[in-house]
Amino acid sequence: MRRHRLTPSTTLKEILVCGAGFLYLYHPLSPCTFSFQICLSLLLNICHSLSSRNLFSRKPKEPKPPSQNAPGWRLFGKVPLRENTTKDPKDSFTIQQVSITLYRTQPQPLSAARRKNLEFEPLSTTALILEDRPSNLPAKSVEEAMRHKQEYDEMVAGAKRRELKEAQKKKRRMKERFKQEDSIANAMVIWNNDVLPNWDCMRNTRRVRELWWQGLPPSVRGRVWSLAIGNELNITPELFEIFLSRAKERWKSFSETSSENETEDSGSLQADRESSLDLIKLDISRTFPSLFIFQKGGPYHDLLHSVLGAYTCYRPDVGYVQGMSFIAAVLILNLEEADAFIAFANLLNKPCQMAFFRVDHDLMLKYFAAFEVFFEENLPRLFNHFQINNLTPDLYLIDWIFTLYSKSLPLDVACRVWDVFCRDGEECLFRTGLGILRLYQEVLLQMDFIHMAQFLTRLPDDMAADNLFSCITATQMLSSNRKWGQVFSALMKDGSKEMANHSPAPRS
């Protein structure tokens with residue numbers, strides 16, 4: 001048998017345990033009548049009487065504040081702290097702590113062990129309902145115990161149902177994802193092998209238009225956008241480099257002569273427009289902030305800065321307008337820098353975009369009037385609700401058109417809108433707006449002016465592309481057998497006649 005030797009570092013706790021074990025093993029009484037706890041209790045009484053007579057000389061210690069995990073709280077109530085909290089934790093050894101050690105080391109039935117350990121090791125809240133109360137509280141009745149067991153079974157069953165439901169939902173999502181990936185892979189093969197090599201003769205076929213409506217594969221999206229937008233301005237990559245270098249010179253001159261420019265009159269339109277280069281820095285930081293790729297230090301910050309700066313020098317009559325950064329950012333995500341600039345400049349040269357970015361109020365009002373014609377045709381209830389609350393299209397359409405929905409919609413949904421916009425032109429922008437209103441018609445009918453304006457300014461982030469496009473499909477761009485272009489042309493003619501009637505008579 002292993003012998004334990006007493007050393008200067010031997011604690012009172014070790015001495016007591018060894019002594020209790022010795023009495024327990026060698027006492028003539030049986031273990032049933034003379035347990036380990038009784039042996040330890042006898043030794044503790046002896047030590048207490050000896051310590052009261054100062055037979056054990058110990059060096060006095062400084063009092064220590066009670067630790068946070070000192071015993072003083074129980075699971076089902078509060079018990080008073082021990083009177084002497086200044087004892088050395090190595091020497092303050094009780095029967096209760098010995099019993100904890102024994103219950104953790106000696107094999108016992110599971111239910112008994114859980115009941116004994118409940119006061120010291122709290123179990124999960126779900127399983128606590130099955131535990132017996134401590135001895136200092138009234139015991140559970142049979143009816144209460146049965147009710148608690150039933151509640152526990154219901155909780156477990158509910159958790160299993162939720163887990164099964166989540167597993168089924170996850171399985172459906174994975175199935176839809178695999179189906180979508182297969183569809184994208186098949187479409188990519190068709191676009192690369194059949195459509196793009198024969199773009200001029202294939203772009204307007206029924207098959208390609210249907211494939212276009214379903215969304216372009218990300219790998220071919222940039223090429224299709226470039227071909228669909230075209231290059232009527234005949235911009236070359238070399239021209240882009242020229243305007244980019246001019247923009248860099250302007251940025252450098254602004255930083256050097258900013259104090260002088262504050263006191264001088266700019267005078268010319270070109271200087272005023274190119275001074276909007278400073279506005280670009282502010283707007284870039286607010287472009288897709290959740291992606292953290294266009295802000296300063298991000299991988300696309302310099303690219304976006306270059307495209308916007310070059311365009312500002314290329315079109316000083318337009319300059320930089322808030323919202324352009326979102327359009328340029330979407331193009332940069334799908335095209336190289338020079339190609340993104342070419343597509344950006346040609347896209348903003350379209351009549352609708354030019355009217356909005358040059359803030360042509362008369363032309364913008366014509367677009368709003370045409371939108372309201374189809375709004376009333378497709379959604380008469382919501383149209384009347386907007387009319388009653390004086391909610392005009394300019395309060396929500398301007399932000400949508402300025403950014404081509406890239407700021408208002410989730411990025412993946414906005415890219416699908418761009419796909420159809422490159423196919424159908426400006427009509428798609430206003431049809432998409434009607435689709436959004438159709439999607440949230442029931443919600444908007446319950447709102448007043450302020451809440452409708454706030455809702456349409458910040459659309460829900462969880463909008464699904466399939467739900468939106470089903471609403472766009474249900475929107476018919478036909479009013480009195482007239483299409484969008486015919487309605488808009490009629491409004492333009494009426495406007496020109498009205499201007500002629502109000503124009504001053506020529507002098508004789």
Side-chain angles (χ1 to χ4, degrees), residues 199 203 216 221-251 269-284 287-288 294 300-360 363-364 367 398 400-407 414-415 417-426 428-429:
W199 174 255
R203 63 173 298 178
L216 297 172
R221 177 167 278 152
R223 291 184 60 194
V224 174
W225 285 0
S226 295
L227 292 171
I229 294 172
N231 188 11
E232 295 180 354
L233 301 175
N234 295 320
I235 302 175
T236 61
E238 291 76 17
L239 188 63
F240 165 67
E241 294 295 335
I242 292 173
F243 287 109
L244 178 58
S245 61
R246 184 179 300 179
K248 291 180 178 179
E249 291 175 0
R250 293 291 300 177
W251 286 322
L269 177 64
Q270 181 173 357
D272 181 60
R273 289 297 186 179
E274 291 193 5
S275 65
S276 61
L277 290 171
D278 276 350
L279 301 177
I280 296 174
K281 298 179 181 179
L282 176 63
D283 214 20
I284 285 179
T287 304
F288 295 118
F294 295 104
Y300 292 100
H301 173 268
D302 294 339
L303 294 178
L304 182 57
H305 206 262
S306 299
V307 170
L308 294 175
Y311 179 79
T312 306
C313 293
Y314 172 70
R315 290 297 301 265
D317 58 321
V318 179
Y320 178 78
V321 182
Q322 188 175 8
M324 287 183 177
S325 61
F326 282 90
I327 298 177
V330 174
L331 291 171
I332 287 173
L333 291 174
N334 294 274
L335 292 165
E336 296 296 330
E337 185 179 12
D339 295 331
F341 174 78
I342 295 171
F344 181 72
N346 283 275
L347 182 60
L348 297 192
N349 198 51
K350 304 293 183 183
C352 181
Q353 278 64 51
M354 189 57 65
F356 277 82
F357 282 111
R358 297 189 72 169
V359 196
D360 189 337
L363 197 53
M364 290 170 66
Y367 279 109
I398 287 181
W400 295 353
I401 302 300
F402 263 105
T403 61
L404 299 181
Y405 295 96
S406 56
K407 179 182 177 183
C415 286
V417 172
W418 277 50
D419 294 341
V420 184
F421 167 64
C422 292
R423 189 194 75 170
D424 297 342
E426 64 186 33
C428 168
L429 299 178

Using every non-hydrogen atom in the two residues, find where Phe421 and Cys428 come nearest and quote the distance to one decimal. N-SG, 3.5 Å
Which atom of Leu363 lies closest to which atom of Ala355, heavy atoms considered: CD2-CB, 3.3 Å
Any side-chain heavy atom of Arg203 sitting closer than 4.5 Å to one from Val224? no
Distance from Ser226 atom OG to Leu335 atom CG, nearest 0.5 Å? 4.0 Å
Taken in chain and number order and not counting sequence neighbours, the residues that satisfy side chain to side chain contact (heavy atoms under 4.5 Å, CB included) with Ile398 are Phe356, Met364, Phe368, Asp394, Phe402
Could you label the plane-to-plane angle of the His305 and His301 rings as parallel, tilted or perpendicular, counting under 30° as parallel and over 60° as perpendicular? parallel
Not counting sequence neighbours, which residues clear side chain to side chain contact (heavy atoms under 4.5 Å, CB included) with Ala329? List them please. Thr287, Phe288, Phe294, Leu304
Measuring from Ser325:OG to Ile332:CD1, what's the distance to the nearest 0.5 Å? 10.0 Å
Residue pair Ile401 / Cys352, side-chain heavy-atom distance below 4.5 Å: yes
Separation of Leu303 CG from Glu337 CD (nearest 0.5 Å): 5.0 Å
Partner set under ring-ring contact (aromatic ring centres under 6.0 Å, His included) for Trp400, not counting sequence neighbours: Tyr396, Tyr405
Atom CZ of Phe240 with >12 non-hydrogen neighbours under 6.0 angstrom: yes
Distance col, row Phe243:CZ vs Arg315:CZ, nearest 0.5 angstrom, shows 10.5 Å
Distance in Å, Tyr320 OH paired with Leu279 CG, rounded so as to fall on 0.5 Å steps: 8.0 Å
Separation of Leu239 CG from Phe341 CZ (nearest 0.5 Å): 6.5 Å
Mind checking what makes salt bridge (charged side-chain N to carboxylate O under 4.0 Å, His left out) contact with Asp339, not counting sequence neighbours? none
Name all residues meeting the side chain to side chain contact (heavy atoms under 4.5 Å, CB included) criterion together with Gln322; count only those two or more places apart in sequence or in a different chain, and write none if there are none. Asp283, Arg286
Testing the basics here: between Leu244 and Ser306, what is the closest heavy-atom pair and its distance to 0.1 Å? CD1-CB, 3.4 Å
Heavy-atom nearest pair, Pro237 first then Ala338, reads CB-CB, 4.1 Å
With sequence neighbours left out, the residues meeting side chain to side chain donor-acceptor pair (under 3.5 Å) with Tyr367 are Glu426
Those residues at least two apart in sequence (or on a different chain) that pass salt bridge (charged side-chain N to carboxylate O under 4.0 Å, His left out) with Arg221 are Asp419
Do Trp418 and Ile327 come within less than 4.5 Å of each other through their side chains, counting heavy atoms only? yes
Mind checking whether Gln353 and Leu429 have side chains closer than 4.5 Å, heavy atoms only? yes
Where do Trp225 and Asn334 come nearest, in terms of heavy atoms and distance? CZ3-ND2, 3.5 Å
Using the side chain to side chain contact (heavy atoms under 4.5 Å, CB included) criterion, which residues pair with Asn346? Sequence neighbours excluded. Ile229, Asn231, Glu232, Leu233, Ile235, Ile342
Arg223 atom CZ: more than 12 heavy-atom contacts under 6.0 Å: no
Side-chain contact, heavy-atom cut-off 4.5 Å: Leu404 with Leu347? yes
Closest contact, heavy atoms only, Met324 versus Val318: CE-CG1, 3.7 Å
